[in-house]
Amino acid sequence: MIFSLTVKESVISELSCSDEYISGEALAEKLGVSRNTIWKAVKSLREEGFDIDASPNRGYRILKKPYIITEAGIRKFLPHDDNRRLYILDSVDSTNNYAKELARNGEPGGTVVISDMQTAGKGRMGRSFCSPPKSNIYMSIILRPEIDIESSQLITSCVAAAAASAIDTICGTDTQIKWVNDLFLNGKKICGILTEASVSFESGTLDFAVVGIGINIRSVANVFPKELLKTATSIQDETEKLFDRSEIIAEVITSVEKYLNELPDRKFLEEYKKRSFIIGKRVIVTKAGEEREAIAAGISENAGLEVIYDDGQKEALNSGEARILPT
Ligand code: BTN
């Protein structure tokens, strides 16, 4: 299932990383193929609709950057010395499943699995995550942090703050967090985060965690089912701009690494609280299959949701779900 680049994909990847013309000769040399192979690849790409200009003296240049994710496209936005492994897939059941399998087989922390689409994208609480192709970001990062199990429960909230910050940096948005793992723009969900972990009961530490991040980038208005559109949106629908998925992926990777390094100091909590979308709102808390109405009062030092139930009882929730009631 690993996506190994064909000559056509490599040509697209090379041209996408350059704003200048690249000669057929230079491309042929770089990719280790003949100039004729490059010419055929470009011809076929043009037939597929890629807007590639061919100038007899200068070579090839892509006029409109394609909306595909490539390793080179992501690395362009990562620090030069970042040598983590990136698995770029065209389709997979779930990037979390793929990353967990890699992690079980000893894949190092930092590795990222990205897929153009998911056939069985997973959300929290056994729900599915709608994952159409050529639109959004579906990525899972393998983590091997040396932290105890209690601190590992903060990973999802820490990544939520990191992803929100990354999205805002690239898109100029004002992303908010709905406890515990949803990112919202203008009152609707644009991103979900699902962390799955493998724990060593003997040492009481984390073997590995896989944090899966799904971000709706391209318009979902004509793609998602009507029911889902009541609560979900995309960055394009909210900003009327289509952002480069590769640039956002790279920013999320960099941001997650930075925030997780600071997780033991819980530095992210201040930002998490500032971005919180739920404080002061009436919510329905679902816990152990039971529903109760409450006011969301604050975020605890463990990133739990502090609620006050209608009978005055207070609780800090570290699991479960809180659904915001319409006002
Ligand atoms: C949620 O909203 O409940 C969490 C959604 C998490 C979706 C991401 S997409 C990448 C990764 N792979 C999955 O199957 N799920 C996560």
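FYI, the numbering just counts along the sequence from 1. First listed ligand is number 1; within each ligand, the first listed atom is number 1.
Between the side chains of S115 and T95, no donor N or O sits under 3.5 Å from an acceptor N or O. Defined by atom type and a distance below 3.5 Å, a donor-acceptor pair is present between the side-chain atoms of S151 and D148. If you check the side chains of S44 and K8, you find a donor sitting under 3.5 Å from an acceptor.
Partners of E293 by side-chain contact (heavy atoms from CB on, under 4.5 Å), not counting sequence neighbours, listed by chain and number: R282, I284, D310, L325.
Screening E321, R292, E315 against K287 for a side chain to side chain contact (heavy atoms under 4.5 Å, CB included) leaves a single residue, E315.
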Output block, N or O contacts of ligand 1, threshold 3.5 Å exclusive:
residue  : atom   : partner : partner atom : Å
ligand 1 : 2 (O)  : K189    : NZ           : 2.5
ligand 1 : 3 (O)  : R124    : N            : 2.7
ligand 1 : 12 (N) : T95     : OG1          : 3.1
ligand 1 : 12 (N) : Q118    : OE1          : 2.9
ligand 1 : 14 (O) : S94     : OG           : 2.8
ligand 1 : 14 (O) : Q118    : OE1          : 3.4
ligand 1 : 14 (O) : K122    : N            : 2.7
ligand 1 : 15 (N) : K122    : O            : 2.8

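The shortest side-chain heavy-atom distance between I137 and I114 does not fall under the 4.5 Å cut-off.
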